[in-house]
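Single-structure report; data block below.
Treat the numbers as computed from the prediction; the structure is a model and nothing was measured. The first residue in the sequence is number 1, and the count goes up from there.
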Amino acid sequence: MKGYNRLRRLALQLLETQLPEVLYFHSIHHTRNLLKISKTYLRSENISGNDAKLVKVAILMHDVGFTVSGTDHEQTSKRIAGEMMKQYGFDPREMRIVQNLILATRIPQSPRTTQERIICDCDLDYLGRKDFYSISDKLFRELQVTGKVRTKLEWDKIQVAFLEKHRYHTRFGIKNREPRKQKHLAELKKSIGEQPVE
């Protein structure tokens with residue numbers, strides 16, 4: 001795919017140098033993790049070639065909006081992705097697919113295509129992994145520093161509500177992530193039950 005390698009380098013450089021330091025969760029590590037895990041999802045859904053690269057472009061670009069603002073970052077990421085893809089010779093159809101993939105990661109997720117289902121599940125893959133607590137702690141710290149959450153109890157209640165509503169969309173996510181996610185949900189519910197109410 002023409003321009004992919006150059007766009008990848010620029011996107012990673014942008015994330016490395018321009019993201020606010022208080023983004024403990026929405027960091028370059030999050031993007032790199034998604035790129036790595038996407039290989040499993042793409043293989044599981046039989047997506048390859050240019051279709052797979054478009055998912056990877058969307059992963060690279062889905063949080064670049066945070067380099068500008070934390071408000072409606074997906075819309076800003078969509079705009080920046082369009083500008084960068086045009087610069088590197090992507091065609092309008094490819095740009096439109098990537099922009100739709102970026103917007104699909106908005107919460108609540110409502111993916112319509114296989115590629116959108118993949119990026120959505122990649123973005124929240126950690127919910128059903130062993131490293132759930134260490135990653136969710138990073139998100140808690142990020143939200144706490146930015147004034148969106150105050151206490152751990154408040155955060156755990158938010159997580160319970162989120163996990164109850166969340167659904168994986170791909171075969172891999174449903175089979176390999178949903179069971180552990182349900183385990184985390186049960187643990188968090190128990191934890192909240194043991195906490196004194198403020």
Side-chain angles (χ1 to χ4, degrees), residues 1 3-4 7-8 11-12 14-15 19 23 25-86 88 90-129 135-136 139 142-143 158-159 161-178 181:
M1 173 180 285
Y4 172 76
L7 186 142
R8 178 188 168 103
L12 290 173
L14 191 63
L15 293 168
L19 282 174
L23 296 184
F25 174 86
H26 292 102
S27 66
I28 190 168
H29 305 293
H30 171 65
T31 299
R32 287 188 186 279
N33 183 260
L34 265 61
L35 284 173
K36 183 178 176 184
I37 199 72
S38 71
K39 294 173 187 175
T40 301
Y41 280 94
L42 290 164
R43 193 166 47 246
S44 173
E45 296 294 322
N46 297 313
I47 302 292
S48 59
N50 281 355
D51 289 338
K53 281 205 172 150
L54 290 174
V55 173
K56 290 179 182 179
V57 169
I59 287 170
L60 284 163
M61 303 301 300
H62 84 291
D63 280 343
V64 294
F66 278 114
T67 64
V68 177
S69 169
T71 305
D72 199 13
H73 78 276
E74 295 94 351
Q75 195 64 42
T76 308
S77 296
K78 173 189 168 185
R79 177 181 56 76
I80 295 170
E83 291 166 359
M84 287 174 61
M85 290 179 76
K86 188 174 183 181
Y88 288 119
F90 288 82
D91 67 43
R93 184 193 71 86
E94 292 169 333
M95 290 164 57
R96 191 166 55 251
I97 289 170
V98 166
Q99 289 176 321
N100 286 338
L101 286 166
I102 290 168
L103 293 181
T105 64
R106 275 180 170 158
I107 305 297
Q109 296 175 337
S110 299
R112 296 165 301 154
T113 68
T114 300
Q115 288 165 298
E116 289 177 9
R117 288 191 285 276
I118 288 169
I119 195 171
C120 285
D121 280 8
C122 286
D123 201 24
L124 296 173
D125 182 71
Y126 81 98
L127 297 177
R129 291 198 321 243
I135 292 177
S136 69
L139 185 53
E142 180 178 313
L143 294 173
I158 289 168
Q159 288 200 101
F162 186 79
L163 290 176
E164 284 180 332
K165 289 180 184 173
H166 172 265
R167 296 289 176 267
Y168 283 106
H169 308 284
T170 63
R171 286 168 294 187
F172 179 84
I174 292 165
K175 181 181 178 184
N176 298 285
R177 296 294 184 253
E178 185 65 28
K181 186 193 81 176

Any side-chain heavy atom of D51 sitting closer than 4.5 Å to one from T114? no
Nearest 0.5 Å, what's the CG-CG distance between L143 and L23? 10.0 Å
Which residue pairs satisfy the salt bridge (Lys or Arg N to Asp or Glu O under 4.0 Å) criterion with at least one member in residues 38-48, sequence neighbours excluded? E45-R171
Quick test of your reading: applying salt bridge (Lys or Arg N to Asp or Glu O under 4.0 Å), list the pairs with at least one residue in residues 63-73, sequence neighbours left out, ordered by first then second residue. D72-R106
Looking at side-chain heavy atoms only, is the closest gap between L12 and R32 below 4.5 Å? yes
With R79, which residues qualify under salt bridge (charged side-chain N to carboxylate O under 4.0 Å, His left out), at least two apart? E83
Could you go through the side-chain contact (heavy atoms from CB on, under 4.5 Å) check for L139 and Y126 one step at a time? CA-CA 12 Å; L139 185 53; Y126 81 98; 3.9 Å; yes
Shortest non-hydrogen contact between G65 and S77, atoms and distance: N-OG, 2.7 Å
Would you check if R177 and L127 make a side-chain contact, meaning some heavy-atom pair closer than 4.5 Å? no
Are the side chain of E116 and the backbone of A104 linked by a donor-acceptor contact shorter than 3.5 Å? no
Contacts of F66 meeting ring pair (Phe, Tyr, Trp, His ring centres under 6.0 Å) (sequence neighbours excluded), chain-then-number -> H26, H73
Residues in ring pair (Phe, Tyr, Trp, His ring centres under 6.0 Å) with H169, at least two apart? none
Shortest non-hydrogen pair, A11 vs M61, comes out as CB-SD, 3.8 Å
If I take atom CD1 from residue I97 and atom OG1 from residue T113, how far apart are they, to the nearest 0.5 angstrom? 8.0 Å
Specify the closest pair of heavy atoms between A52 and I47, including all atoms of both residues, with the distance to one decimal. N-CG2, 3.6 Å
Residues which pass side-chain contact (heavy atoms from CB on, under 4.5 Å) with N33, listed by chain and number, not counting sequence neighbours: R129
Does R112 reach the side chain of N100, with side-chain heavy atoms less than 4.5 Å apart? yes
Could you tell me how the ring of H166 sits relative to the ring of F162: parallel (under 30°), tilted (30 to 60°) or perpendicular (over 60°)? parallel
Which of L101, I37, V55 passes side chain to side chain contact (heavy atoms under 4.5 Å, CB included) with I118? Answer is V55
Is there a side-chain contact (heavy atoms from CB on, under 4.5 Å) between M84 and V64 once you walk through the steps? CA-CA 11 Å; M84 287 174 61; V64 294; 5.7 Å; no
By side-chain hydrogen bond (donor to acceptor under 3.5 Å, both in side chains), T170 pairs with (sequence neighbours left out) D121
With heavy-atom distances below 4.5 Å as the criterion, would you say the side chains of T40 and D125 are in contact? no
Inter-residue atom distance D123.CG - I102.CD1, 0.5 Å rounding: 11.5 Å
Salt bridge (charged side-chain N to carboxylate O under 4.0 Å, His left out) partners for R117, two or more places apart: none
Between R167 and E164, is there a donor-acceptor pair closer than 3.5 Å when you use the side chain of the first and the backbone of the second? yes
Test side-chain hydrogen bond (donor to acceptor under 3.5 Å, both in side chains) applied to E74 - qualifying residues, sequence neighbours left out: none
When rounded to the nearest 0.5 angstrom, what is the spacing between CZ in R96 and NZ in K78? 11.0 Å
If you compare all heavy atoms of Y168 against all heavy atoms of K181, which two are closest, and at what distance to 0.1 Å? CE1-CD, 4.0 Å
Taking only residues two or more places apart in sequence, or in another chain, which ones meet F172 in a ring pair (Phe, Tyr, Trp, His ring centres under 6.0 Å)? Y41
Which is it for R8 and K53 under the side-chain contact (heavy atoms from CB on, under 4.5 Å) test, yes or no, and what are the steps along the way? CA-CA 10 Å; R8 178 188 168 103; K53 281 205 172 150; over 6 Å; no
Below 4.5 Å, heavy atoms only, C-beta onward: do I28 and H30 meet side chain to side chain? no
Please name all residues satisfying side-chain contact (heavy atoms from CB on, under 4.5 Å) with S38, sequence neighbours left out, ordered by chain then number. L42, K56, I59, C122
Are Y4 and L60 packed together at the side-chain level, in the sense that at least one heavy-atom pair is separated by less than 4.5 angstrom? yes
Of all residues at least two apart in sequence or in a different chain, which pass the side-chain contact (heavy atoms from CB on, under 4.5 Å) check with Q159? F132, S136, W155, D156, L188
